[in-house]
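Written out below as structure tokens is the structure these notes cover.
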Amino acid sequence: MKAPSPLTLRALRALVYTDLPSSSRQCLINHTQRHSYASQTPAKRQQQRTSKPAPPPPNTSKPAPPPPVFRPTPSGPDLRKKRDDDEDFTPYPLSRPIGMPNPPQPGENIGLDTRGWREKRDDFHNYEKHLERRARMTKQIAKPYFRDWSNMRFHKGKVFVANERLFRGEHALFFPNFYGRTLEKRAERLQSGDGYGGLGRDTCEAMAGKVSVVSLGGNEWADRQVATWTKEYPELEGVLRENGDVAQRVWISYEGNWAKWHILNLFGAGNLRKGLSLEEQRRFFLVRRGLNEIMKEAIGLLNDKGGYVYLVDQECRIRWAGSAEAEDREKEWMVKGLKRLCQEARVPKEKRMDFFEREEKLEAAVGDVMEGHVAEAKNEGARA
């Protein structure tokens with residue numbers, strides 16, 4: 001039995017779908033005719049082969065813009081150059097004391113987590129402490145890595161100008177304790193588990209009882225800036241030699257990067273020992289943890305890549321501070337303040353207030369007399 005022809009199939013479909021609307025039934029028939037290649041005549045099939053396809057409609061839309069050209073952002077030395085679109089930044093002299101409100105204590109700011117497993121577990125499940133950790137991490141991540149280096153284009157990283165006069169002792173704030181190992185080779189191991197193999201020492205113990213010129217840095221750029229205050233100003237060394245019984249120098253090299261600190265500890269410590277006596281090596285601290293954001297803001301360390309110098313009295317109070325490269329006037333203020341602190345250290349504490357009150361009154365009287373002489377000289381010149 002032969003298969004039904006396409007015409008028979010179309011007739012059967014028309015009979016079956018009689019209940020459909022006429023428009024739907026016509027679409028079904030047209031669809032069948034379009035896909036029934038065998039039902040077409042040879043002449044029609046030949047016409048379809050030779051006919052050319054209809055041309056596409058003209059494109060009246062605008063051409064797409066070319067892709068943006070990638071231009072790399074400047075790096076390296078270009079980041080330190082001041083551009084026209086940079087905001088103006090002018091460092092101002094310190095108008096108030098800087099430092100921590102409480103005196104430093106031995107063992108502070110070690111930077112180790114001394115919590116037990118149970119306390120760590122409780123803190124891990126504490127939602128409020130989780131929010132605090134997340135806020136600290138967000139603040140740390142939001143700080144660009146090269147921000148401090150790029151800020152060097154503003155006055156070579158100077159964040160403040162040194163104060164001309166010393167902060168008064170009763171109003172001065174305290175220099176925080178830094179915990180790190182010293183340059184001493186044969187140092188005694190005091191306690192294990194301090195992060196330095198038992199060789200950790202406290203800066204507050206090294207500075208107690210003496211006036212200290214504290215240098216704070218951590219990289220080659222910072223060391224060069226600190227040298228403008230110390231090595232390039234021999235008058236400071238002269239004052240330290242004359243007052244060796246009450247004055248000293250203290251060095252703090254802070255490096256928070258674990259790998260860089262170990263490289264410095266293994267290969268750079270030998271170069272740092274050159275030219276330093278054994279007693280000075282005991283006052284040279286290599287620190288790699290414990291410096292938090294609160295301490296940085298308190299002592300004015302707003303740029304980690306710069307160098308800083310502090311005058312700290314025998315009670316670990318910050319009486320004077322300088323940042324970045326030294327200006328000539330700032331060096332004079334530093335030496336003048338160091339001499340005054342050495343005088344203060346030799347006066348008993350109970351008589352110190354009366355002594356310096358009399359000295360300040362004497363300075364004010366001398367200043368008034370000098371201003372009077374200058375005014376008289378100007379008046380005589382005007383009359384002449």
Worksheet entry | Contact check, side chains of Arg168 and His171, non-hydrogen atoms, under 4.5 Å | yes
Practice prompt. Evaluate the criterion salt bridge (Lys or Arg N to Asp or Glu O under 4.0 Å) for residue pair Lys231 and Glu237; output intermediate values, then yes/no.
Written response: CA-CA 8 Å; Lys231 293 182 180 180; Glu237 296 294 334; over 6 Å; no
Worksheet entry | Rounded distance (nearest 0.5 Å) linking atom CD1 of Ile98 with atom CZ of Arg319 | 13.0 Å
Worksheet item: Run the side chain to side chain contact (heavy atoms under 4.5 Å, CB included) check on Glu293 and Lys296 step by step: do they pass?
Response: CA-CA 5 Å; Glu293 296 298 328; Lys296 290 181 181 180; 3.8 Å; yes
Practice prompt. Report the C-alpha separation of Asn109 and Asn177 in whole Å, then their side-chain angles, then the decisive distance to 0.1 Å, and conclude whether the side chain to side chain donor-acceptor pair (under 3.5 Å) test is met.
Written response: CA-CA 7 Å; Asn109 305 320; Asn177 179 59; over 6 Å; no
Discussion item. Could you check whether any side-chain N or O of Asp194 sits under 3.5 Å from a backbone N or O of Gly200, counting only pairs where one atom can act as donor and the other as acceptor?
Written reply: yes
Item to complete: Without swapping roles, check the side chain of Ser253 against the backbone of Gly218 for a donor-acceptor pair under 3.5 Å.
Response: no
Worksheet item: Within 45 degrees of the axis of the six-membered ring of Tyr196 and under 6.0 Å from its centre: does Arg189 put its NZ or CZ there?
Response: no
Discussion item. Before you tell me yes or no, could you show the steps for Phe167 and Leu94 under side chain to side chain contact (heavy atoms under 4.5 Å, CB included), namely the whole-Å CA-CA distance, both residues' side-chain angles and the distance that decides it to 0.1 Å?
Written reply: CA-CA 10 Å; Phe167 298 127; Leu94 291 176; 4.0 Å; yes
Worksheet item: Any chain of hydrophobic side-chain contacts (each under 4.5 Å) joining Leu199 to Tyr179?
Response: no
Worksheet item: Run the salt bridge (Lys or Arg N to Asp or Glu O under 4.0 Å) check on Glu184 and Arg282 step by step: do they pass?
Response: CA-CA 6 Å; Glu184 185 182 3; Arg282 293 173 181 170; 3.3 Å; yes
Response to the item:
Cluster membership besides Trp229, Ile/Leu/Val/Met/Phe/Trp/Tyr side chains within less than 4.5 angstrom, sorted by chain and number, is Val161, Leu166, Val211, Val213, Val226, Tyr233, Leu236, Val239, Leu240, Val309, Leu311, Trp320, Trp333, Met334, Val335, Leu338, Leu341
Worksheet, complete the sentence: Between Gly306 and Ala222, the two heavy atoms sitting closest are O-CB, 3.5 Å
Worksheet item: Yes or no on side chain to side chain donor-acceptor pair (under 3.5 Å) for Gln248 and Ser212, after CA distance, side-chain angles and deciding distance?
Response: CA-CA 5 Å; Gln248 64 180 1; Ser212 302; 3.1 Å; yes
Item to complete: Taking all heavy atoms of Ala172 and all of Ile318, pick out the closest pair and write down the distance.
Response: CB-O, 3.5 Å
Worksheet item: Does the salt bridge (Lys or Arg N to Asp or Glu O under 4.0 Å) test come out yes or no for Glu327 and Lys331, once each step is laid out?
Response: CA-CA 6 Å; Glu327 300 177 1; Lys331 295 178 185 179; over 6 Å; no
Worksheet entry | Remaining members of hydrophobic cluster (4.5 Å side-chain criterion), Leu173 | none
Practice prompt. Give me the one residue out of Lys158, Glu232, Gln225 that meets side chain to side chain contact (heavy atoms under 4.5 Å, CB included) with Glu325.
Written response: Gln225
Worksheet item: Hey, does the side chain of Arg273 reach the backbone of Leu183 with a donor-acceptor pair shorter than 3.5 angstrom?
Response: yes
Discussion item. How long is the straight-line distance from CZ of Phe174 back to SG of Cys316, given to the nearest 0.5 Å?
Written reply: 8.5 Å
Worksheet item: Can you tell me how far CD of Glu164 sits from CD of Glu332, rounded to the nearest 0.5 angstrom?
Response: 10.0 Å
Discussion item. Ignoring hydrogens, what is the shortest heavy-atom contact between Phe285 and Ala206? Give both atom names and the distance.
Written reply: CZ-CB, 3.8 Å
Fill in: Distance-minimising heavy-atom pair for Ala321 and Asn163
N-OD1, 3.3 Å
Worksheet item: Shortest non-hydrogen contact from Leu291 to Leu301?
Response: CD2-CD1, 4.4 Å
Discussion item. The test is side chain to side chain contact (heavy atoms under 4.5 Å, CB included); show your working for Leu286 and Arg181 and say whether it passes.
Written reply: CA-CA 5 Å; Leu286 304 177; Arg181 65 163 301 174; 4.2 Å; yes
Worksheet item: How about Glu280 and Trp251: do any of their side-chain heavy atoms sit closer than 4.5 Å?
Response: yes
Item to complete: Could you check Ser215 against Arg249 for side chain to side chain donor-acceptor pair (under 3.5 Å), going step by step and ending with a plain yes or no?
Response: CA-CA 8 Å; Ser215 304; Arg249 284 205 60 190; 2.7 Å; yes
Worksheet item: Is there a path from Leu278 to Leu272 through hydrophobic residues (I, L, V, M, F, W, Y) whose side chains come within less than 4.5 Å of each other?
Response: no
Fill in: Criterion salt bridge (Lys or Arg N to Asp or Glu O under 4.0 Å) on Asp245 and Arg346, from CA distance to verdict
CA-CA 10 Å; Asp245 56 332; Arg346 292 188 174 94; 3.0 Å; yes
Practice prompt. May I ask you to decide if Lys260's main-chain N or O and Asn257's side chain share a donor-acceptor pair within less than 3.5 Å?
Written response: yes
Item to complete: Measure the spacing between CE of Met100 and CD of Glu297 and express it to the nearest 0.5 Å.
Response: 10.5 Å
Discussion item. Please evaluate residues Asp304 and Tyr254 with respect to the criterion side chain to side chain donor-acceptor pair (under 3.5 Å), reporting the C-alpha separation (whole Å), side-chain torsions for both, the decisive distance (0.1 Å), and the verdict.
Written reply: CA-CA 9 Å; Asp304 296 347; Tyr254 175 76; over 6 Å; no
Worksheet entry | Main-chain N/O of Arg283 paired with Thr182 side-chain donor or acceptor, under 3.5 Å | no
Worksheet item: Going from CE on Met295 to CD on Glu108, what distance comes out if it is rounded to the nearest 0.5 angstrom?
Response: 9.0 Å
Practice prompt. Determine, step by step, whether Ile263 and Trp258 satisfy the side chain to side chain contact (heavy atoms under 4.5 Å, CB included) criterion, reporting the C-alpha distance in whole Å, the side-chain angles of both residues, the deciding distance to 0.1 Å, and the verdict.
Written response: CA-CA 9 Å; Ile263 292 174; Trp258 180 86; over 6 Å; no
Discussion item. So for atom CD1, which belongs to Ile294, do other residues, nucleotides or ligands contribute more than 12 heavy atoms lying within a distance under 6.0 Å?
Written reply: no
Worksheet item: From Glu119 CD over to Asn126 CG, what is the distance, rounded to the nearest 0.5 angstrom?
Response: 11.0 Å
Item to complete: Of all the heavy-atom pairs spanning Pro104 and Phe175, show the shortest one and how long it is.
Response: CG-O, 3.4 Å
Worksheet item: Is Trp221 close to Asp223 at the side-chain level, that is, under 4.5 Å between some pair of heavy atoms?
Response: no
